[in-house]
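Please read the structure below before turning to the comments.
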Amino acid sequence: MKLQPMGELARTHTCGELRAPDAGSTVVLAGWVHRRRNLGGLLFVDLRDRYGMTQIVFRPEGDAELLDVAGGLGSEYVIAVRGEVGARPEGTVNAELKTGEVEVIVREMKVLNDCLTPPFVLEEPIKASDDLRLEYRYLDLRRPHMQNLLMTRHRAAKAARDYLCDQGLIEIETPMLAKKTPEGARDFIVPSRVHPGKVYALPQSPQLYKQILMVSGFDRYFQIARCLRDEGLRADRQPEHTQIDIEMSFVTQDDVFALTEGLIASIWQEVLGRRIETPFPRLTYADAMARFGSDKPDTRFGMELTDLTDLLGDTEFRVFSSAIKSGGAVKCLVASGCGDWSRSQIDKKEELAKGWGAKGLAYVKVTGGAFEGGISKFLTETQTAAIIERAKAVDGDLLLFGADATAKVHNVLGRLRLAFRDEFNLAPDDLLNLLWVTDFPMFAFNEEADAWEAEHHMFTMPRDEDIQYLDTDPGRVLGQLYDLVLNGVELASGSIRIHRRDIQEQVMRVVGMTPEEAEERFGFLLRAFDYGAPPHGGIAPGLDRIVMLLTGEDSIRDVIAFPKTYKGLSLMDGSPSVPEREVMDELHITFTKEP
Ligand code: ASP
């Protein structure tokens with residue numbers, strides 16, 4: 001087929017634009033051949049671009065050469081056509097198409113490019129495998145569904161930018177080639193050619209730079225920033241993600257909450273026209289864990305954990321008594337109406353619990369106001385009555401128990417609660433439950449490393465009343481640290497920061513850093529604090545997750561134009577790839593492992 005330049009066929013309209021009143025005008029459209037139908041010599045083509053689809057028609061009585069070329073058009077050919085807009089004959093109007101009242105009778109066409117047979121059909125819903133879609137991402141992104149996702153992403157980012165600018169924040173870019181910035185993952189490293197043996201790190205977030213911008217007096221900053229983390233392989237993680245990174249000086253936690261609530265509300269309003277009530281409810285970390293077994297609770301449904309520890313102090317059931325004696329907890333979940341479950345149904349849940357570290361999953365069924373089956377024989381009448389009352393259990397319910405170290409009980413029952421949510425659709429899809437989780441512990445003890453680690457990052461300010469315990473009892477120090485949660489998904493994390501060298505050095509000591517290490521890694525930050533650092537705090541909502549929730553997608557992969565597989569591969573361009581010998585020589589590196 002002869003390919004032609006567009007020449008004077010300059011596009012006058014998009015494929016989503018023409019309506020009935022346009023009938024009679026001459027237009028030029030350009031786009032992709034979506035579908036072709038031949039009806040008794042009449043040739044119909046659905047011409048598609050990102051704005052929509054328009055039916056174009058080649059009439060048999062028209063130009064023979066034109067008809068001949070049109071007959072050779074294949075799927076996804078790129079063409080430009082000039083023709084007249086006509087009202088579609090009665091009975092052929094397509095109400096599902098915005099342009100469905102009209103068609104364009106083609107008088108002239110240029111074939112701008114042809115197309116190999118696509119490796120998969122561009123249809124909705126897509127049937128091709130994920131790998132094939134990623135390999136031919138440019139074709140996958142041609143689908144209206146994918147185009148809508150990326151356009152929604154654009155609108156969300158614009159809404160965020162507009163809102164933050166209106167609030168007086170200014171956008172400042174920070175380096176991609178950076179000093180290591182700890183956010184709990186490994187850094188991607190870039191070897192320096194000019195400085196043999198030295199490396200830059202790609203930023204895990206702009207954390208330290210945005211704090212230093214506060215020292216510079218840019219008291220209200222934001223940046224839609226790419227964050228690069230070499231994380232373990234997990235289904236819904238990407239090595240690159242995007243944050244709406246925010247930092248402000250002279251603020252309290254309440255100020256950060258109010259700004260973020262306005263941001264989220266304005267994104268939902270602008271993109272979906274949906275009103276979100278503010279302020280959002282708040283829950284402390286301790287309450288979230290105790291009630292939902294999670295620091296990002298899905299509060300769209302009940303099924304909260306019931307604490308039974310104080311009721312069972314004198315139980316004869318060894319599993320419970322030993323957990324309680326060693327300082328742990330006994331809690332239960334009420335699976336409403338599951339009292340008729342078979343042994344094997346319960347066993348399946350026990351398997352799940354074991355997979356999450358439980359030793360087993362004790363249960364009882366409620367009938368006639370008493371317990372039956374499972375561990376019922378180990379519980380006295382008084383204990384039974386007290387449990388039923390506290391758990392608000394009724395006949396026909398199934399009670400599932402967790403007894404262990406408290407954190408383990410929370411983890412197992414919290415995950416089991418979500419398994420019930422997914423199995424029985426307990427969370428209404430149309431609810432948007434936003435909440436703040438506050439007062440996180442500053443440190444978590446890592447048994448393996450036998451050391452304290454920062455729960456969020458080590459630049460978080462402890463609560464004023466807890467600073468006194470930093471050296472003596474780090475486990476009891478709570479931070480001015482908060483997460484924003486939407487329907488069980490962590491949407492943002494942030495904190496009020498340390499702005500004083502002495503407190504920062506103290507926190508570094510807790511996480512086992514020697515003064516030399518602290519100087520080597522963060523000397524620049526500590527020095528900045530010496531030069532009049534104002535109190536400041538911030539937050540970083542995740543743009544990918546926001547767009548995922550706005551669009552109802554299950555994975556952040558679908559809302560990123562060119563994502564990696566969960567193994568970190570880019571199937572379209574084949575990265576990571578093996579560098580040429582000369583490149584390695586120039587960078588002064590050798591690999592100890594062949595690919
Ligand atoms: N830098 C933090 C993160 O990436 C967010 C923050 O504390 O502002 O999680």
Side-chain angles (χ1 to χ4, degrees), residues 160 164 169 171-176 178-188 201-215 218-231 234 236-249 251-253 255-261 263-264 285 295-296 436-444 453-463 478-486 489-499 504 507 511 521-522 525 533-546 556:
L164 293 170
L169 282 77
E171 186 164 19
I172 303 177
E173 288 161 281
T174 54
M176 290 304 278
K179 180 101 169 173
K180 283 157 93 59
T181 50
E183 296 280 356
R186 278 190 201 87
D187 291 305
F188 284 105
L202 300 180
Q204 292 189 36
S205 88
Q207 184 61 34
L208 300 182
Y209 295 101
K210 68 172 167 174
Q211 290 192 232
I212 289 176
L213 284 170
M214 296 302 109
V215 183
F218 292 99
D219 63 330
R220 288 166 85 77
Y221 142 98
F222 84 98
Q223 179 180 191
I224 298 189
R226 198 70 64 78
C227 301
L228 300 120
R229 302 181 187 183
D230 189 1
E231 307 210 68
R234 273 214 252 146
D236 204 27
R237 280 285 161 88
Q238 282 288 314
E240 307 181 39
H241 71 271
T242 305
Q243 285 183 351
I244 307 170
D245 199 48
I246 293 169
E247 199 75 10
M248 297 182 291
S249 296
V251 288
T252 62
Q253 184 165 292
D255 298 320
V256 179
F257 286 8
L259 181 98
T260 311
E261 286 163 354
L263 170 70
I264 298 295
Y285 168 86
D295 61 0
K296 39 177 184 294
W436 292 104
V437 179
T438 64
D439 301 283
F440 278 78
M442 280 276 292
F443 306 102
E453 285 173 350
E455 181 80 31
H456 180 46
H457 52 56
M458 67 179 115
F459 313 106
T460 294
M461 184 69 110
R463 293 194 315 179
L478 302 185
Q480 299 189 46
L481 181 52
Y482 35 81
D483 276 2
L484 178 61
V485 178
L486 171 53
V489 177
E490 183 194 306
L491 217 53
S493 252
S495 61
I496 298 300
R497 326 294 186 188
I498 298 169
H499 65 283
Q504 187 65 72
V507 167
V511 298
R521 293 180 59 191
F522 302 113
L525 179 75
H536 58 280
I539 191 159
L543 182 64
D544 311 288
R545 284 187 186 167
I546 288 178
I556 61 167

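In listed order, ligands and their atoms are each counted from 1. Position 1 is the first residue of the sequence; numbering continues from there. Note that the structure is predicted; figures quoted are calculated from it, not measured.
Between Phe522 and Phe459, the ring-plane angle classifies as perpendicular under the 30° and 60° cut-offs.
Note: no N/O pair closer than 3.5 Å links Gln204 and ligand 1 by distance alone. Close N/O approach between Arg229 and ligand 1 is found [any backbone or side-chain N/O within under 3.5 Å]. Checked against a 3.5 angstrom limit, the closest N/O atoms of Glu247 and ligand 1 fall outside it. Looking at ligand 1, you won't find any N or O of Asp245 less than 3.5 Å from one of its N or O atoms.
Looking only at protein heavy atoms, the nearest one to atom 3 (C) of ligand 1 is Glu183 OE1, 3.2 Å. Regarding atom 4 (O) of ligand 1, its nearest protein heavy-atom neighbour is Gln243 NE2, 2.7 Å. Scanning the protein for heavy atoms near atom 1 (N) of ligand 1, the closest one is Gln207 OE1, 2.7 Å. Protein heavy atom nearest atom 7 (O) of ligand 1, with residue, atom name and distance: Arg497 NH1, 2.8 Å.
The proximity of His457 to ligand 1, defined as any non-hydrogen pair under 4.0 Å, is limited to the side chain.
Taking a cut-off of under 4.0 Å to the non-hydrogen atoms of Ile539, the atoms of ligand 1 that pass are 8 (O). Those atoms of ligand 1 that come under 4.0 Å of a heavy atom in Ser205, given as number and element, are 1 (N), 4 (O). Heavy-atom proximity to Lys210, at under 4.0 Å, picks out these atoms of ligand 1: 6 (C), 8 (O). Of all atoms in ligand 1, numbered sequentially from 1 with element shown, those under 4.0 Å from a heavy atom of Ser493 are 5 (C), 6 (C), 7 (O), 8 (O).
Under 4.0 Å is where a charged nitrogen must lie from a carboxylate oxygen, and between Asp483 and Lys296 no such pair does.
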Candidate pair Asp187 and Gln204, rule side chain to side chain donor-acceptor pair (under 3.5 Å), full reasoning: CA-CA 7 Å; Asp187 291 305; Gln204 292 189 36; 2.8 Å; yes
Steps toward side chain to side chain donor-acceptor pair (under 3.5 Å) verdict (Gln211, Tyr209): CA-CA 5 Å; Gln211 290 192 232; Tyr209 295 101; over 6 Å; no
Verdict with reasoning, Trp436 to Gln253, per side chain to side chain donor-acceptor pair (under 3.5 Å): CA-CA 11 Å; Trp436 292 104; Gln253 184 165 292; over 6 Å; no
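For CZ of Arg220, the number of neighbouring non-hydrogen atoms (other residues, nucleotides, ligands) closer than 6.0 Å is greater than 12. No more than 12 heavy-atom neighbours from other residues, nucleotides or ligands sit within 6.0 angstrom of CZ on Phe218.
Ligand 1 lies out of reach of Glu490, whose nearest heavy atom is not under 4.0 Å from it.
In this structure, Lys210 contributes its side chain and Ile246 its backbone to a donor-acceptor pair below 3.5 Å.
The six-membered or imidazole ring of Tyr482 lies near that of Phe257, with a centre-to-centre distance under 6.0 Å.
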